[in-house]
Protein chains: 2
Amino acid sequence: MTDSNSSKRPTIYDLAQIVGTSPTAVSSVLNGSWKKRRISQKLADKVLKAAQDNGYTVNIQASVLRRERSNIVGMILPKYDNRFFGAMAEEFETRARAAGLFPVITCTQRDPALELSAAREMLSYQVDYLICTGATDPDQITDLCRGAGVKTLNLDLPGTKAPSILSDNFTAARDLTRVILDACERDFGVVEPLLFIGGRSDDHNTRERRRGFLEAHSERSISVPDERLITNGYAPEKARHTLTALDHVPHGIFVNSTITLEGVVFWLQSLPPERAAEIRYGSFDWDPFGALLSQSVGMVRQDVGALLDLTFQTMQSGQDAAEMQLVPCALVMPKF
Amino acid sequence: MTDSNSSKRPTIYDLAQIVGTSPTAVSSVLNGSWKKRRISQKLADKVLKAAQDNGYTVNIQASVLRRERSNIVGMILPKYDNRFFGAMAEEFETRARAAGLFPVITCTQRDPALELSAAREMLSYQVDYLICTGATDPDQITDLCRGAGVKTLNLDLPGTKAPSILSDNFTAARDLTRVILDACERDFGVVEPLLFIGGRSDDHNTRERRRGFLEAHSERSISVPDERLITNGYAPEKARHTLTALDHVPHGIFVNSTITLEGVVFWLQSLPPERAAEIRYGSFDWDPFGALLSQSVGMVRQDVGALLDLTFQTMQSGQDAAEMQLVPCALVMPKF
DNA sequence: AACAAATGCTCAACCGATGGAGCATGATTG
DNA sequence: CAATCATGCTCCATCGGTTGAGCATTTGTT
C-alpha cells in the first residue's frame, strides 16, 4: 500500500524494482512517452498502479535537468495588493496550467534591485520564458535573460527590447475623462478642467493617461492649467495631503490608480457631507468598493483576460520583436 | 564581457575552463563553501569575476538534485483577490528570502482538487516544507506530504495532523460584535440582535466567529434567533440577494468577510439614503475602501505579520505536532 | 524456410552541481 | 634531514529522470 521502510520518496528506480522492470520503462510510462517507446499496455498498467500505491511524484529537478526545456514560465509582479495584479497572477496561473506549463510567480515590491534578483532567480529555475509585469526597468531584465537564452515579455509597462503588451491607457483615460466632464456638467452645470491626481510623470502609463485626459479636455476646448496635473506618486497619504492642502478642488477628479483612490476617498470622507456631494470622480483601475461610492461616476477596468490571452499567444508564437500591442479597457459605470 | 558564442547559459564547467581550474573549485567558490575547502582568495576572486562577466546563474535543478535539502518552501493559497491573502503572499515571500529560502506560491481557487494537485506539484519541486493556507482539506495534504517526508503547516484554517496557526477568530468576532452593538445603541437607541452574514457553517473560522458573535450577544442577554445567522457562502451576490429579500434587516450587521462585504455595500447603495443611514456594520477582514464608508463602525484586521512570524518560527523549530496556535487580531476603528 | 519488420524492452550516457576522498606541494618541527 | 602538518587544489561518484542506441523475441511476407 504505502511505502514500507524508507521515509524518502520513491524514485523510478524503486518502482522499477517493485514492478520488476527497468527505470527507463517506468520513466517512459510516467511521462507519457511509453506509446512511442513501444511499452505494452500491460506493463504500463502495472507501473501506473505501483506509482499510485507508493505515492510517487516525479522529481522535477531531475527531470528538468535532463531535458532541454523546463516547461516552467516565470512571472514577476510588483505587488499582490490590488485587484489588478491579483487578477493577473490568478489568470496567469490558470492559463499556464491549461497549457501544460508550470507557473512560478514572484513579487518584487516595485523595487528595481529586487526585480533584477528575482529575474536571476527565475533563470536559476531554468524558466523557458519570463513575463515581466509592471517592471521599472524591463530592458535590463531582457538583457539579463537574453544572455541566458531566455525570452521575455513586458506586461502592463512597455520596454524597448522585448514584446510589450499593455492596456490602451490613452483611449481609456480619454473616455473616462469625458464621463467625468459629462457628470460635472450634468450634475452641477459646470464646465471646468478636472484634477488629475496620482502616478509618476516618468511612468509610461501615467503619461499615456495624462495624454488621454488632456485630449478629452481639448476636444471641448477646455484648457488645463499645470497645477491641475498632480503626479507626485501613487501613495494614498500623498493624495490626501495634496487635496487637503489645495485651496480649490474642482468638482471632477481623475484618479490615476486605486491605490491613490484610497487617499482621495479618505479625503472625501473628511469633508462635510454637502461639500462631498459636490465631487465626482473616476478612477483608473477597478475596485469593487471604490466603484460603490456615490461620487464615483466610472472606473476603468483593464481587461486582464485579454491581456493574458495575448501574452500567451505572443509567447507561444515565439515572437521576439520589441512590438507593442494594446488591449482595450472596459469602462465600468455605476449600476444605480 | 558577455558570453561569446553559445546561446546557452554558462555552467561551472565553462567557468572552470575559462579560469583554468576545476569545476569543483568553481562550485565551492560560488556556493560559499570555498573557505572550508581551502580555496585561495586569489582563485576565488578570479572565479567570481568570471561568473560576473559571463552572467552565470546557478542551475537550481542540478543543485537541488544533488543536495539533500532544497531550501525551497512552498505555500498554497486560495486566492489573490483580497487584501488578506495578498498580504500573506507578500509577507511570506519577504520572510522566506530573509531566511535564505526560495518561496514558491501557487493559488488553488478554493478548489479541493486543485489543492491536492498543487501540493503534488510542490512535492515535485522538492520543497522542504509546505504551508497550506486556507485549505479546504488540509489533513489530506498533510498525509500526502508526510508520505514524501515533507512537513506541512496549516495557516488560517486548522487541520488535525499538522501544526495550525490561525487568528483568534472568536475573540476578534466578539469584540467586533460589541462595537456594532454599541454603535446601534448609541446612534439609534436600539438593543437588538445583529445580523450575521457570510461564510459557510462547515468552515472552522465561520464557526468560531459565530461563537464570538453569540457570546457578545449573550453577555448582554440578547438572544439571537436562527434567522439572524446567515451562512450561505461568501459570494457578494448571495449576500445582496439575501438582504434584498429580507423583510426586516436590523440596524447592525456583522459581515463575515470583505468578499461578502461587497454584496452588503452594493445593497446599501441601493437603499434610499435615509434608510442606508440607519445601518451600521462591522466586517471581519480589512479593506481600505470598506473601512471608509460612513456606515462602517469597525473592521477586524488580521495580523498577517504575526501570523507569518509564528509560521516561520514553527517551521524552523521543526515542531511537528498538531498543535493549534492563535494570533490576536486588531480591531480597526473608523478614523473620523 | 529464410528474411524482414514490428514489438517490447534494457543499457548507458548524460544534464549541472556537490562533497568526500585524496594527492601534490611547501612549511614546520624534533 | 626525515616526519608531520597545513595548504590548495582535483577526481570521481552521485542525485533522479531522459533519451538515443541497441538487443532479443515475435509476427508477417513471399
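Basis for what follows: all heavy atoms, side chains included, without hydrogens, waters or symmetry-related copies. Only a predicted model underlies this, so the values are computations on that prediction, with no experimental measurement involved. Residue numbers start from 1 in every chain, and the chains themselves are labelled A, B, ... in the order their sequence lines are given, proteins ahead of strands.
The 5' end of DNA chain D is approached more closely, in terms of each residue's nearest nucleotide, by Tyr13(B) than by the other of Tyr13(B) and Gln61(A).
Computed from coordinates, the Arg69(B) CZ to dG19(C) P distance equals 13 Å when rounded to whole Å. Taking atom CG of Leu65(B) as the reference point, atom C1' of dC15(C) lies 9 Å away to the nearest angstrom. Rounded to whole angstrom, the span from the CD atom of Glu68(A) across to the C1' atom of dC14(C) amounts to 13 Å. Spacing between atom CD of Gln17(B) and atom P of dG16(C) amounts to 14 Å, rounded to whole angstrom units. Following rounding to the nearest Å, Ile39(A) (CD1) and dT10(C) (C1') show an atom-to-atom distance of 9 Å. Leu30(B) places its CG atom 13 Å from the P atom of dG19(C), with the value rounded to the nearest Å. Atom CG in Leu15(B) sits roughly 12 Å away from atom C1' in dG16(C) (whole-Å rounding).
Judged by atom type and distance alone, Arg66(B) does not reach the base of dG16(C) through any side-chain donor-acceptor pair under 3.5 Å. Within 3.5 Å, a donor on the side chain of Arg37(B) pairs with an acceptor on the base of dG20(C), or the reverse.
Looking at Thr152(A) and Thr142(A), their side chains do bring a donor and an acceptor atom within 3.5 Å of each other. At a cut-off of 3.5 Å, with distance as the only test, a side-chain donor of Ser167(B) or Gln302(B) sits close to an acceptor on the other residue.
Of the charged side-chain nitrogens involved, at least one lies within less than 4.0 Å of a carboxylate oxygen, so that Asp128(B) and Arg69(B) count as a salt-bridged pair. For the pair Arg97(B) and Glu121(A), the salt-bridge criterion is met [side-chain N within less than 4.0 Å of a carboxylate O]. Arg9(A) has no carboxylate O lying under 4.0 Å from a charged side-chain N of Asp14(A), or vice versa, which leaves the two without a salt bridge. In this structure, Lys49(A) does not pair ionically with Asp45(A), as no charged nitrogen and carboxylate oxygen lie closer than 4.0 Å.
Within the nucleic acid shown, Ser28(B) has no heavy atom closer than 4.0 Å to any nucleic acid atom. If you check every strand for non-hydrogen atoms under 4.0 Å, Leu43(B) touches sugar and phosphate atoms only. The residue Ser33(B) sits apart from the nucleic acid: no heavy atom pair falls under 4.0 Å. Residue Arg38(B) is classed as a base contact, given a heavy-atom separation below 4.0 Å to a base. Across all strands shown, Thr24(B) has heavy atoms under 4.0 Å from base atoms, whether or not it also approaches the sugar-phosphate.
Contact between the side-chain N/O atoms of Ser27(B) and the OP1/OP2 oxygens of dT18(C) is found at a separation under 4.0 Å.
First and last contacting nucleotides of DNA chain D toward chain B (any atom under 4.0 angstrom from a heavy atom, 5' to 3' order): dT7(D) to dG16(D).
Here the rule is side-chain contact (heavy atoms from CB on, under 4.5 Å) with Met88(B), and of Asn82(B), Thr133(B), Thr311(B) only Thr133(B) fits it.
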